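Data block below; observations after.
Treat the numbers as computed from the prediction; the structure is a model and nothing was measured.
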Amino acid sequence: MTVQMTVPIVLAGARGHGRWHLDNIRRLQDKGIVRLAGICELTPLTGDEIPEGLGTPEQSADFGALLDSTGARIAVICTPIPTHTDLALTAAGKGVHLLLEKPPAPSYAEYRRMADGVAEAGVACQIGFQSLGSHAVPAIRELIAEGAIGELEGVGGAGAWARPEAYYRRAPWAGKRRLHGVDVIDGALTNPLAHAVATALALAGAPYAEDVTGIETELLRANDIESDDTSCVRVTTTRDLPVTVAATLCAEDPDEPYVVAHGSRGRITFWYKQDRVLLQRADHGPEEYEYGRTDLLENLVEHLTDGADLLVPPDATGSFMKVVEAIRQAPDPAPLPEGTWHLLADERRRVVPGVDGLVAAAADTLSLFSELGAPWAVPNGLRKEVST
């Protein structure tokens, strides 16, 4: 399908992860689909920071004024988490459609304020869970529905990543639960490995807020931060399915994150950053597949120009936001006891020995860290069910 018009775009937040959006906008601009009309940053980008081929977009620190002066039809918002709702509503109030980075908000109340305001304004909003644009997601859902792995018994997720101590100094809000009295909730499950949570819930057929009946959390930290860097969560759905996701930013050997659907006669593993799927089932050899992916900004443009369905509208992230809210309401993450982590001096990052295996075991057995016998998890008493 060929889009017949070039859509003007403003990008709010062009540094950090925003650089990825700059490159993606350049890719779509080269295809004649969009045009970067403006960049909103507190400090303007230098010429060297703007990828070649994007021209000289207008720059301003005033988001609303920039939307007006550029005639933008879409705003891509990749700014600090606490700013998402207000910026989204500013754009919506001007009739500008949205690609809003994940997590969409730091609390369920702010998420609802954003989603309700966007709906009232009548603009389209896509939430930036890029993994949900993978063609593997509907393919796996179809395999499950066909009974390829028998009866679905639960979904696990595992993310064993590493981040240096400098990661938590990259911005004032990094690693914070709150900043100046405002919620941030920048934890392992809510930001860097949020895709694992959202994707696991999608495969469980539980993307909406009303699909959740209970949430248990265990939140810990090896780093000197407010938020969690080693955590797990178990969501119970209305179908009484457990969805357990474990994550760490203190892995010994960082690896690709994945989600796994457990059935009575097999399992499906999905490495969501690679769009790679492994189907293992009774009486069959293993089957591996690779899928394509629909870019979420391109899908938003196609929605506006050709009526394509949005892949990740706000309501489809409701269950994820219930998890964010449970983590927000949970006790502050407990520091891991001395001796349970060490510093890799050459990489300046903290490592928790054995955590890689625990993360994998949690996804494999749908258990929490404390149930797996992690000595540092049991004494912390952070297992808490939140009524939803």
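- In this structure, Asp30 has no salt bridge (charged side-chain N to carboxylate O under 4.0 Å, His left out) partners at least two apart in sequence or on a different chain.
- Contact check for Arg281 versus Arg265: no side-chain heavy atoms found under the 4.5 Å cut-off.
- A donor-acceptor pair is defined here as one N or O able to donate and one able to accept, closer than 3.5 Å; such a pair exists between the side chain of Glu325 and the backbone of Tyr108.
- Looking at residues two or more places apart in sequence or on another chain, you find no side-chain hydrogen bond (donor to acceptor under 3.5 Å, both in side chains) involving Glu256.
- Rounded to the nearest 0.5 angstrom, Ile9 CD1 and Leu36 CG are separated by 7.5 Å.
- A distance of 5.0 Å separates CG in Leu87 from CD1 in Ile77, rounded to the nearest 0.5 Å.
- Without hydrogens or angle criteria, Arg26 side chain to Ile50 main chain gives no donor-acceptor distance under 3.5 Å.
- The CE atom of Met321 sits 7.5 Å away from the OH atom of Tyr111 when rounded to the nearest 0.5 Å.
- Taking Ser367 as the reference, Thr365 meet the side-chain hydrogen bond (donor to acceptor under 3.5 Å, both in side chains) condition, with sequence neighbours excluded.
- How far CD of Glu290 is from CD of Gln274: 8.0 Å, rounded to the nearest 0.5 Å.
- Asp275 and Ser134 are linked by a side-chain donor-acceptor pair at a separation below 3.5 angstrom, with hydrogens and angles left out of the test.
- Side-chain N or O atoms of Asp62 include one that pairs as donor or acceptor with a backbone N or O of Ala65 at under 3.5 Å.
- The backbone N or O of Thr237 sits nowhere less than 3.5 Å from a side-chain atom of Asp211 that would complete a donor-acceptor pair.
- We find that Arg27 and Asp295 are joined by a salt bridge, their nearest charged nitrogen and carboxylate oxygen being less than 4.0 Å apart.
- Glu288 pairs by the salt bridge (charged side-chain N to carboxylate O under 4.0 Å, His left out) definition with Arg276, not counting sequence neighbours.
- Partners of Asp255 according to the side-chain hydrogen bond (donor to acceptor under 3.5 Å, both in side chains) rule, which considers only residues two or more places apart in sequence or in another chain, do not exist here.
- Although no hydrogens or angles enter the test, the distance criterion places a donor-acceptor pair under 3.5 Å between the side chain of His84 and the main chain of Pro103.
- The number of heavy-atom neighbours closer than 6.0 Å to CG of Asp283, taken from other residues, nucleotides and ligands shown, is 12 or below.
- Pairs passing the salt bridge (Lys or Arg N to Asp or Glu O under 4.0 Å) check and including a residue from residues 38-47, sequence neighbours excluded, read Arg15-Glu41.
- Between the CG atom in Leu189 and the CG atom in Leu219 there is a gap of 7.5 Å [rounded to 0.5 Å].
- The backbone N or O of Asp309 sits nowhere less than 3.5 Å from a side-chain atom of His303 that would complete a donor-acceptor pair.
- Clustering of Ile, Leu, Val, Met, Phe, Trp and Tyr side chains at separations under 4.5 Å places Leu179 together with Ile81, Trp173, Val184.
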Taking only distance into account, with no hydrogens and no angle test, what donor-acceptor pairs under 3.5 Å do side-chain atoms of residues 195-210 form with protein atoms, sequence neighbours excluded?
{"residue": "His195", "atom": "NE2", "partner": "Gln130", "partner atom": "N", "Å": "3.2"}
{"residue": "Thr199", "atom": "OG1", "partner": "Ser131", "partner atom": "OG", "Å": "2.7"}
{"residue": "Thr199", "atom": "OG1", "partner": "His195", "partner atom": "O", "Å": "2.6"}

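- Pairs of residues two or more places apart, or lying in two chains, that qualify as side-chain hydrogen bond (donor to acceptor under 3.5 Å, both in side chains) and include a residue from residues 95-104 are His17-Glu101, His21-Glu101, Lys102-Asn191.
- From Leu220, atom CG reaches atom OG of Ser227 across 11.5 Å, with rounding to the nearest 0.5 Å.
- Listed by first then second residue, pairs satisfying side-chain hydrogen bond (donor to acceptor under 3.5 Å, both in side chains) with a partner in residues 143-159 number zero, not counting sequence neighbours.
- Listed by first and then second residue, the salt bridge (Lys or Arg N to Asp or Glu O under 4.0 Å) pairs involving residues 111-134 are Asp86-Arg113, Glu110-Arg113, Arg112-Asp116, Arg112-Asp315 (not counting sequence neighbours).
- Side-chain atoms of Glu298 do not come within 3.5 Å of backbone N or O of Leu28 as any donor-acceptor pair.
- A donor-acceptor pair is defined here as one N or O able to donate and one able to accept, closer than 3.5 Å; such a pair exists between the side chain of Gln126 and the backbone of Leu296.
- The salt bridge (Lys or Arg N to Asp or Glu O under 4.0 Å) pairs that include a residue from residues 127-142 number zero, where partners must be two or more places apart or lie in different chains.
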